[in-house]
Amino acid sequence: MTCTRRDVLRAIGLAALGGAGLGGAGLRLALAQDVRDAAHGRYALVIDLPRWAGLDPAVRRRCVDACHRAHNVPDLSTERSPLPRAERRERHAIRWIREVGFEAAFAAQGHPLLAATLREAAVPVLCNHCDRPPCVRVCPTRATWRRDDGAVMMDMHRCIGCRYCVMACPYGARSFNFRDPRPGLAEIDPGFPTRTRGVVEKCSFCAERLEAGGIPACVEALAAELGEGSPFTFGQVGDGPVARALAERFTITRKPELGTSPHVFYAVG
Amino acid sequence: MLERMFNGGVGGRGWLWLGALGLVAAAGVAAWLRQLGLGLSVTGLGQSVAWGLYIGQLTFLVGVAASAVMVVLPAALHGYRPFERLTVLGELLSIGALVMAGLFVLVDLGQPGRMLNIVLHPAPSSMLVWDAAVLGGYLVLNVVIARASIAAQRSGEAPPAWVRPLVYVSIPWAVAIHTVTAFLYAGLEGRPLWLTAILAPRFLASAFASGPACLVLLCLALRRLGVFDAGERAVAKLLEIAAYAMVVTVFFVLVELFTGLYPGLPDHAAHLAALYAGPVGPWAWASAGLSIAALLLLVVPRARRHRLLGPLAAALAIGGVWAEKGLAMVVAGQTPDQLGRVVAYTPTATEVTVTIGVYAVGAILVTLLLKAALPAEVERA
Amino acid sequence: MTNSGPPRPPAYFASRVFSIAVAVAVGLATSPFWYGAAAGGRPARPAPAIAEAAGEACVLPLDRIRVEHPALLAAWRDEAVREGRRMRGAAGHGAAGLEKSLTGTCLRCHADRAAFCDACHTDLAVAPTCWECHVDPAGVAGGGRR
């Protein structure tokens, strides 16, 4: 068979594509590395469950609102939403922190004869910032990763919205933007970006506040109102109030059997 | 091959067929543009059920693509003559299925413009990256092999020598694509229904039931159009393969039911209850009914060889596998969700339109590929 | 098959229809130039309104920032978000200790995105997606970070 011009052009084109593809992929894999932030210890949050359950509902709601307001999280589903009623959809709701029942938070760890105070408690749940986060493992573009200080981060610029991380998270901590979030925002805090439709978001342990030497918004809101009586204790696991709380109380985590090693601890005893 | 796809006529019926498909595809594009503008809120998806019809179609179509191996293996490794003319058909069906699978991933993305991030910033730990890699590789493999085979067929010569090793490679690769797709689901510790070692074998078994069934219907359609006759033995053998695969598929389902219900682990039992008694129940029961009906017809040789019952069995097999892989399994794995809520998922009109549109695009592609592959009789059809 | 000499081009290529078609195609391909000439020469260069905060120079000198701002913002994005290095070091134009922030640093001086960013971008048919997420402080009361 004679070799025509078309054959030569085809061979050159395929070689260029293949070479570029392999070379690019190889280079990328070689250079890809998990982002490290070695300056800090490991952050954790300890939640005193009975104390939280004993709070006035308005206080608990202010804690949630502090987070959502600080991060421009839209309200797409509640009666307070700026959206018209016909457009409010619970299935599109975005929540970085929320309250659920004990059964929902700790399904396998309860039992039918559990004390009423716990059984009927509203449990605050958020991203657990696991040591071995399944969401980080499955993200195809490294749009989410775990920092050395324990915070599991999101890069909204890189997320392609495949929702594999939503599938992988065992705790339901992640929310996908099914629509443009801005109509769901009664007011926009200019100190933080919003997100756009098509990306996944979640609690970030207020990484931007931690970098500036602060504490997460939810912790700050409760501390401002309740001082030492706040149910949220935030800090590094090695020393300080978190270490004390973990040493003095009986603490559980959500779904420990999965091996993710969550770092949001619930003091139940 | 490209000029053979686009030059020459397709006949009156051919233009009608392509025209109708084009309209459907255009409707799908319009629906997708609406989705681009308004986000995935136009679908029935939500925070609890975040993967639905689109990802289900990906799963089903990877199965159809993998099933080409059921024709290539007997022909290439065992010299089974009746399948030798069918291998090209299987490869073209694979190409169409893979392109559609890729399109379904595209329409499911929240930010499709950033799709290339999978290639630019791949994470080696993610099964999605590996799935994209093996599916892309299998597509290239099929295109190369099919091209060479078609060119050889046209000129009456044997295919070049380098095709043979590629054909051998395509056999384990076909198994790999559906295994990696199963790993997408089976690697998630937070989803008890999917976290099972038997998921990959289940996927392969149902693929080997539905894929040959698709090929049977394609062969019968081509024979009816007077374009290509695969021969009685080939069609009969395909249905035999589908029969055995269906037996294994149903067996695997029963085995899963035992493991879920007999020890009675709360997580597993809750998901199985949601699968059969929850919102997606009708689809699960439809899958069971269709699969068992297909099985009963397929295992009886007289029914299998029957002029009408044979194709019916094939259609039932495809329906049963589609109802499970294309919808029930994906949704049931998310029901109940991670917070124990059972949330119903109903695909919207926009979602269904996009889905049918993608299928239309795939049908157009397979039609053009067949036009390139089959002898000039196509123009007279 | 008998050999009848070198292949002749089909009659179509020598026809009048073909020549007219080529002329029309060339005309269409060069239409931007005709249109520009008819519209009165080269249009005015867009003049983005630059409101400078007193005493502060931009992050980079003008000739560089004009060309390099896409790359600069992309680099800032990865450094601030993915590597946690939000503050600029001492070296470089502009004040040290500046935050790598579109809203907080760039728009602190160039406050009105419509008069500044969009002036050139709209003219050049460039549509960056920054504002889908990042907040334009002119649209919200008060100043802002990020």
Partner chain B: residue of A/R197, A/R95, A/E257 with the largest heavy-atom pair count (under 4.5 Å) = A/R197
Salt bridge check: are A/R137 and B/E189 linked by an N-O gap of less than 4.0 Å?
-> yes
NE2-CZ distance between B/H121 and A/R158, expressed to the nearest 0.5 angstrom | 4.0 Å
Highest number of heavy-atom pairs under 4.5 Å with chain B: which of A/A173, A/A105, A/A93?
-> A/A93
Judged by atom type as modelled, is there a donor-acceptor pair below 3.5 Å linking the side chain of B/R114 to the main-chain atoms of A/H157?
-> yes
Nearest atoms (heavy-atom pairs only) where A/C139 meets B/S126 = O-CB, 3.5 Å
Can you say whether B/L38 sits under 4.5 Å from chain A via the side chain, the backbone, both, or neither, judging by heavy atoms?
-> backbone
Nearest 0.5 Å, what's the CG-OH distance between B/D131 and A/Y164?
-> 8.0 Å
Pick one of side chain, backbone, both or neither for A/R89, based on which atoms fall under 4.5 Å of a heavy atom in chain B.
-> neither
Does any heavy atom of chain B fall under 4.5 Å from the side chain of A/A108, the backbone, both, or neither of them?
-> neither
Can you check side chain to side chain contact (heavy atoms under 4.5 Å, CB included) on B/Q111 and A/V199, steps first, answer last?
-> CA-CA 7 Å; B/Q111 286 275 344; A/V199 295; 4.0 Å; yes
Answer with side chain, backbone, both or neither: which region of B/L195 has an atom nearer than 4.5 Å to a non-hydrogen atom of chain A?
-> neither
The interface call for A/A107 against chain B, heavy-atom contacts under 4.5 Å, is neither
Check each atom of B/L36 against the heavy atoms of chain A and say whether the ones under 4.5 Å are side chain, backbone, both or neither.
-> backbone
Checking heavy atoms, do the side chain of A/V138, its backbone, both or neither come under 4.5 Å from chain B?
-> both
How far does CD of A/E103 sit from CG of B/L339, to the nearest 0.5 angstrom?
-> 11.5 Å
Determine whether more than 12 heavy atoms belonging to other residues, nucleotides or ligands lie under 6.0 Å from atom CZ of A/R69.
-> no
For the candidates A/G198, A/C169, A/P134, which exhibits the highest count of non-hydrogen atom pairs separated by less than 4.5 Å from chain B?
-> A/G198
Selection from A/H92, A/K255, A/E90 maximising heavy-atom pairs under 4.5 Å formed with chain B | A/H92
Pick from B/G190, B/G39, B/G340, B/S41: which one has the most heavy-atom pairs with chain A under 4.5 Å?
-> B/S41
In terms of heavy-atom contacts, B/L128 and A/C162 come closest through CD1-SG, 3.8 Å
Is B/W283 atom CH2 crowded by more than 12 heavy atoms from other residues, nucleotides or ligands, each under 6.0 Å away?
-> no
Can you tell me how far the CG atom of B/N117 sits from the CD1 atom of A/I160, to the nearest 0.5 Å?
-> 7.0 Å
Looking at CG of B/L120 and CZ of A/R142, how far apart are the two atoms once the value is rounded to the nearest 0.5 Å?
-> 15.5 Å
Between atom CE of A/M167 and atom CD of B/Q338, what is the distance when rounded to the nearest 0.5 Å?
-> 7.5 Å
With only heavy atoms counted, which part of B/F183 is less than 4.5 Å from chain A, the side chain, the backbone, both or neither?
-> backbone
Can you say whether B/L45 sits under 4.5 Å from chain A via the side chain, the backbone, both, or neither, judging by heavy atoms?
-> both
Considering all heavy atoms, the nearest B/A50-A/R163 contact | O-NE, 2.7 Å
Given the options B/M115, B/Q334, B/R341, B/R191, which has more heavy-atom pairs under 4.5 Å with chain A than any of the others?
-> B/R191
Which atom of B/I118 lies closest to which atom of A/T141, heavy atoms considered | N-CG2, 3.8 Å
Heavy-atom proximity to chain A below 4.5 Å, by part of B/W130 = neither
